[in-house]
Amino acid sequence: MKFSSSLKLNHIFRRLYHTTGQADGYLVLYARKNRTDSNRVGITVGKKLGKAHIRNRTRRRIREVYRLNEEKFLPGWDIVVVARSRAVEAPFDKLTKSYLSLAKKAGILQESAE
RNA sequence: CAACCAGAUCGGACAGCCGCGGACGCAGGCCGAAAGGCCGCGGAUGAGGAAAGUCCGGGCUCCACAGGGCAGGGAUAACGGGUAACGCCCGCCGGGGGAAACCCCAGGACAAGUGCAACAGAGAUAUACUACUGCAUUGCAGGAAAGGUGAAAAGACAGGCUCAUAGCCUGUCCGGCCCAUGGUAACAUGGGUUUUACGAUGUAAACUCUAUCCCGGAGCAACGCCGUGGAGGGACAACAGGCUGACCCGGCCGUCCCGAGGAGGCGGCUUGAUCCUAUGGGCAACCAUAGGGCUAGAUAGAUGGCUGUCAAGACAGAACCCGGCUUAUAGAUCUGGUUGUACC
RNA sequence: GGUACUGUAGCCAAGUGGUAAGGCCCCGGUCUGCAAAACCGUUAUUCGCCAGUUCAAAUCUGGCCAGUACCU
């Protein structure tokens with residue numbers, strides 16, 4: 001990916017949970033500026049959603065949505081996406097639609113992508 | 001061919017585009033004094049039979065600890081073997097199931113002691129309600145067969161003597177004990193002994209006893225190393241620097257050193273009671289020898305998305321590592337075997 | 001990843017082998033002109049599930065399932 005990396009630090013996750021997020025039936029999205037030129041993206045899949053292989057698959061699909069749509073995002077943000085229970089069985093195009101609409105509400109999409 | 005039984009192996013495949021992890025290689029690029037770091041390119045490589053539950057047994061690491069015995073605690077339970085060890089595995093004995101192949105069993109001891117046994121029943125470890133027999137006429141003697149209750153009522157049955165269903169005698173069977181033979185052994189077979197004391201209910205997944213084994217605690221989020229800042233301790237010799245102050249002393253900032261240590265980082269981290277093949281030993285589990293192979297090491301945690309064809313069809317994702325057990329699991333293939341039917 | 005604990009009526013729960021206490025709620029009745037309160041009565045096919053031991057299991061033993069807490 002061109003300007004993105006994964007978000008790994010636990011205290012940044014906790015800082016983002018305290019911000020106001022955007023949510024729908026599939027996902028919850030938190031975003032915050034990070035004063036760099038790149039994005040850091042974290043994904044949270046809670047233990048209630050299923051066993052280990054189900055959580056792994058859900059996380060991969062959410063990561064893939066970001067990877068395929070990276071050029072639509074603005075750089076310089078920390079982003080955390082939390083999967084909700086409907087995201088486990090959701091088809092891929094619905095997941096993509098949900099992700100992008102939440103990102104648009106949060107104001108982290110490029111103007112040309114809208 | 002059908003229905004089964006046992007064991008073993010696999011457990012979506014192929015193609016295209018985009019993408020991920022850690023090694024390796026590169027006369028590649030950038031940073032750096034160097035060590036090295038970051039990026040790029042390349043071709044390989046990259047989850048399981050249960051990776052799961054965390055139920056047992058170990059390795060490994062740290063903390064605690066002079067030696068020995070008793071006590072105490074825990075585990076196991078026919079017998080023999082395998083193993084580093086096990087509560088696991090193999091063989092075998094006994095019992096149970098099946099027509100058979102074959103499968104299942106926590107399978108020591110209640111005549112060492114203690115405890116518990118509701119309801120029903122006359123009586124529950126002991127008894128005499130109904131009923132029975134003899135003599136006498138409602139009393140004496142006999143003793144426990146039958147009825148009934150219950151999970152359980154003094155091993156089971158037959159014949160003779162007898163007033164009798166008591167008691168005694170005889171015989172058969174079950175169990176116990178003793179002897180012989182076979183077996184390493186559990187045990188099997190045969191013979192003997194006896195019947196009120198060799199047989200006086202059940203329960204030890206009740207306390208307990210016996211035999212064998214074990215014995216401190218924690219667990220890789222263990223543990224070791226580095227450690228910006230901040231806080232702590234020490235030093236500041238000479239004119240000296242800044243702040244406080246009219247000035248001096250003093251205090252703070254400052255400079256250097258020290259050892260703990262939070263965030264974070266690095267190691268631990270994968271070659272091991274290892275796997276494959278062959279030969280030999282053993283009924284088998286397994287063992288020995290020889291040759292060959294290296295096959296994930298992440299740390300918000302790597303296998304995904306889309307398309308096409310076939311199939312449509314599971315359970316499910318390593319996190320220090322092994323040996324087992326248990327649980328979940330669609331389907332496919334192979335090997336050996338049993339029974340039934342038909343044909344030659 | 002690791003270590004503990006809990007599961008009994010809709011809710012809170014007692015019950016250490018022998019008919020599963022009690023309280024709240026719900027429902028029915030008495031009372032009242034109608035309610036409330038009070039009083040009386042009623043509610044467990046599986047005591048989380050499956051096996052086993054026992055004459056007999058909520059209870060004892062083993063294995064699963066679900067939930068909670070702690071270490072971080």
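Nucleic acid contact for A/R59: sugar-phosphate only, since backbone atoms but no base atoms lie under 4.0 Å from a heavy atom of the residue.
With A/N39 contributing its side chain and A/G76 its backbone, the two residues share a donor-acceptor pair below 3.5 Å. Of the possible donor and acceptor atoms, none in the side chain of A/Q110 sits under 3.5 Å from a partner among the backbone N and O of A/K72.
With the nearest nucleotide of RNA chain B identified for both A/D93 and A/F13, A/F13 has the one nearer the 5' end.
The P atoms of B/rG176 and B/rA200 are separated by 12 Å, rounded to the nearest whole Å. Comparing the P positions of B/rG107 and C/rC12 gives an interatomic distance of 41 Å, to the nearest angstrom. Atom name C1', nucleotides B/rU210 and B/rA109: the rounded distance is 7 Å, in whole Å. Rounded to whole Å, the separation between the P atoms of B/rA71 and B/rU212 comes to 14 Å. B/rA197 and B/rG182 have their P atoms separated by 39 Å, given to the nearest Å. For the P atom pair drawn from B/rG16 and B/rC276, the interatomic distance equals 33 Å after rounding to whole Å. Nucleotides B/rC269 and B/rG21 place their C1' atoms 15 Å apart, quoted to the nearest Å. Rounded to a whole angstrom, the distance from the C1' atom of B/rU208 to that of B/rC173 is 37 Å.
Pair check for B/rC26 finds B/rG40; Watson-Crick or G-U wobble, both atom distances under 3.5 Å. Nucleotide C/rA21: unpaired (no Watson-Crick or G-U wobble partner with both distances less than 3.5 Å). Nucleotide B/rC1 is matched to B/rG340 when pairs are restricted to Watson-Crick or G-U wobble geometry with both distances under 3.5 angstrom. With a cut-off of 3.5 Å on both pairing distances, the Watson-Crick or G-U wobble partner of B/rC252 is B/rG242. B/rU9 and B/rA332 make up a base pair, with Watson-Crick or G-U wobble contacts both under 3.5 Å. Summarising the base pairing, B/rC306 is matched to B/rG16 through a Watson-Crick or G-U wobble pair whose two defining distances lie under 3.5 Å. Nucleotide C/rU16 forms no Watson-Crick or G-U wobble pair with any nucleotide shown, as no partner meets the under 3.5 Å limit on both distances. Under the Watson-Crick or G-U wobble criterion, with both distances below 3.5 Å, B/rU172 is paired with B/rA156.
Legend: residues meeting side-chain hydrogen bond (donor to acceptor under 3.5 Å, both in side chains) with A/R61, ordered by chain and number and at least two apart, are absent. Annotation: side chain to side chain contact (heavy atoms under 4.5 Å, CB included) contacts of A/K94 (sequence neighbours excluded): A/Y26, A/P91. Not counting sequence neighbours, the partners of A/R40 by the salt bridge (Lys or Arg N to Asp or Glu O under 4.0 Å) test are A/D78.
Atom P of nucleotide B/rG304 and atom CZ of A/R55 are separated by 17 Å, given to the nearest angstrom. Taking atom CG of residue A/L49 and atom P of nucleotide B/rA300, one finds them 20 Å apart after rounding to whole Å. Separating the CG atom of A/L95 from the P atom of B/rG304 is a distance of 16 Å, rounded to the nearest angstrom. Between the CD1 atom of A/I43 and the P atom of B/rG301 there is a distance of 8 Å, given to the nearest Å. Between the NZ atom of A/K94 and the P atom of B/rG305 there is a distance of 18 Å, rounded to whole Å.
Glycosidic conformation of B/rU270: syn, with the torsion inside 90° of 0. In B/rA126 the base sits syn relative to the sugar, since the glycosidic angle is no further than 90° from 0. Regarding the sugar-base torsion, B/rG37 falls in the anti class, its angle being beyond 90° of 0. Under the 90° criterion around 0 for the glycosidic angle, B/rA85 counts as anti. Taking syn as a glycosidic angle within 90° of 0, B/rU295 qualifies as syn.
Note on A/S6: a side-chain N or O is less than 4.0 Å away from OP1 or OP2 of B/rG301. In this structure, A/R61 does not reach the B/rG19 phosphate: none of its side-chain N or O atoms is under 4.0 Å from OP1 or OP2.
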Protein-nucleic acid N or O pairs under 3.5 Å, nucleotides 16-18 of chain B:
unit_1, atom_1, unit_2, atom_2, d
B/rC18, O2', A/R67, NH1, 3.0
B/rC18, O2, A/R67, NH2, 3.1

So which protein N/O to nucleotides 314-318 of chain B N/O distances come out below 3.5 Å?
unit_1, atom_1, unit_2, atom_2, d
B/rA316, OP1, A/K51, NZ, 3.4
B/rA316, N7, A/H53, NE2, 3.2
B/rG317, OP2, A/A52, N, 3.3
B/rG317, OP2, A/H53, N, 3.2
B/rG317, OP2, A/H53, ND1, 2.7
B/rG317, N7, A/N56, ND2, 3.4
B/rG317, O6, A/R60, NH1, 3.0

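Counting heavy atoms from C-beta outward, A/I12 and A/L7 have side chains that approach closer than 4.5 Å. Side-chain contact between A/V41 and A/W77 is absent, with no heavy-atom pair separated by less than 4.5 Å. Looking at A/L102 and A/L27, their side chains come closer than 4.5 Å, going by heavy atoms from C-beta outward.
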Which atom pairs, one a donor and one an acceptor, fall under 3.5 Å between side chains of residues 80-88 of chain A and the rest of the protein, sequence neighbours left out?
unit_1, atom_1, unit_2, atom_2, d
A/R84, NH1, A/D24, O, 2.9

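A distance cut-off of 5.5 Å between ring centres, combined with a plane angle under 30°, leaves A/F92 outside any stacking arrangement with the base of B/rG305.
Listed by first then second residue, pairs satisfying ring-ring contact (aromatic ring centres under 6.0 Å, His included) with a partner in residues 30-53 of chain A read A/Y17-A/Y30, not counting sequence neighbours.
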(request) Show your working on side-chain contact (heavy atoms from CB on, under 4.5 Å) between A/L74 and A/L109 and close with a plain yes or no. (result) CA-CA 5 Å; A/L74 289 166; A/L109 286 188; over 6 Å; no
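Using a 30° and 60° split on the angle between ring planes, A/F73 and A/Y99 fall in the perpendicular class, above 60°.
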